[in-house]
Amino acid sequence: MNSCRWMKRVEACFDGAPADPAVERHTAACPVCAAHLEALRRMRAGVAAVAVRESVTDAQFPAFMRGIREGIERPERHHTGFWAVLSLTAAALIVAVATFAVFSGGTAPVRATEVESMSTDLQGAKVDTYRSEEGVTTVWITMSKDDVE
Amino acid sequence: MILAGLIAAIALGAPAGEEPVSMSVWAVQATQEGHSPKQFEAGLESIRGAVADLPFDTYRKVQALTQTLPAGQETRVAIDARYTLFLKPLDTDPEGRIRLEVRVELAPKAPQDKPVTALSTRLALAPGKQAKVGGFKLEQGELVIVLSPGK
């Protein structure tokens, strides 16, 4: 930002200090101070525009008061509590169902029997598993008769 | 209300891993003797379907019982002089199946020897459905064990 040693005096005149012909002459000749003064004027005009207060005229006053009265005298909504209870119930149901799904593994039907592991300590024996046509899970060992004789 | 819902959900959905398990056990001697139709000793009617796929035509009862198995503990079930069955319920999986360790031990040939684990398997048993382990050699035929958890 450009600067000039006269700027403080320009601002003082702008803020209502007694008129100073020297300042006026300098401002007319100095582009820096002229631009600064113009910026100050624009800022003041902008602030003034924002700070305009709304006022209610005598003609508008009855309508203004009627609006206030309607706001005060409007009957209360008695079903607010009902909706609150309904919302709370719905929330509780959602939480309960979600929790049930987590702990029970959802609504998946009971599946067939499964073999998680199988082994034998008998030398040369072999273990297999299969599911019969009847759906019966089977673990079958093929062992030698020498193991028991 | 939310808390009550949570408690109810947990109570309904939690696995019953700590509860004892009721288990029906049938141990049968299966032999091939040329019978047609297949012959089942009295008391074995309920396992006809479970052994229908096996190449035997005669089934004799060796052991049949319903046992309550404490969770997490191995229960010993004597089958005959050679074989002993051990059952250990572990827990219940999310589908409601009982996870069960099944072990069949073979007695040693010589008294100084130790028993041998002929079969060790871990099953996830669907409630009300049968499963079987078998192929254990006997002097005649083979030993088949059918398991069915209570509903």
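Below, each value reflects all heavy atoms present in this structure, side chains not excepted, and no hydrogens, waters or symmetry copies. Proteins come first, then strands; the chains are lettered A, B, ... in the order of their sequence lines, and each starts at number 1. Note that the structure is predicted; figures quoted are calculated from it, not measured.
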Among A:Ser119, A:Ser144, A:Ala98, A:Ala125, residue most engaged with chain B (heavy-atom pairs, under 4.5 Å):
A:Ser119

So for A:Glu133, is it side chain, backbone, both, or neither that comes closer than 4.5 Å to the heavy atoms of chain B?
neither

Find the one option among B:Val51, B:Leu123, B:Leu100, B:Thr117 whose heavy-atom pairs under 4.5 Å with chain A are most numerous.
B:Thr117

In terms of heavy-atom proximity below 4.5 Å to chain A, should B:Arg99 be classed as side chain, backbone, both, or neither?
side chain

Can you check whether A:Ala112's main-chain N or O pairs, donor with acceptor, with B:Glu95's side chain at less than 3.5 Å?
no

Which atoms of B:Val144 come close to chain A, meaning under 4.5 Å heavy atom to heavy atom: side chain ones, backbone ones, both, or neither?
side chain

Which residue is it: B:Val146, B:Leu143, B:Leu119? I am looking for the one with a side chain to side chain contact (heavy atoms under 4.5 Å, CB included) to B:Val133.
B:Leu119

Option that, when pairs with chain A are counted at under 4.5 Å, heavy atom only, ranks first among B:Ala107, B:Ala50, B:Ser120:
B:Ser120

Whatever's closer than 4.5 Å to a heavy atom in chain A on B:Glu142 counts as side chain

Looking at B:Arg48 and A:Glu134, does any basic side-chain N land under 4.0 Å from a carboxylate oxygen?
no

Side chain from CB out, backbone as N, CA, C, O: work out which of these in A:Val127 comes under 4.5 Å of a heavy atom of chain B, or both, or neither.
side chain

Can you tell whether the side chains of B:Glu101 and B:Arg122 come within less than 4.0 Å, N to carboxylate O?
yes

Check whether B:Lys132 gets within reach of chain A through its side chain, its backbone, both or neither, counting any heavy atom under 4.5 Å.
both

State whether A:Arg44 and A:Asp15 are salt-bridged, where the test is any N-O pair (Lys NZ or Arg NE/NH1/NH2 against Asp/Glu carboxylate O) under 4.0 Å.
yes

Report yes or no: does B:Asp53 contribute a side-chain atom to a donor-acceptor pair with the main-chain N or O of A:Ser132 at less than 3.5 Å?
no

Part of B:Leu138 within contact of chain A (heavy atom distance under 4.5 Å):
backbone

Under the 3.5 angstrom rule, does the side chain of A:Thr137 hit a backbone N or O of A:Thr113 as a donor-acceptor pair?
yes

Of the backbone (N, CA, C, O) and the side chain (C-beta and beyond), which part of A:Ser117 lies under 4.5 Å from a heavy atom of chain B, both, or neither?
both

If you draw a 6.0 Å radius around NZ in B:Lys38, do more than 12 non-hydrogen atoms from other residues or ligands fall strictly inside?
yes

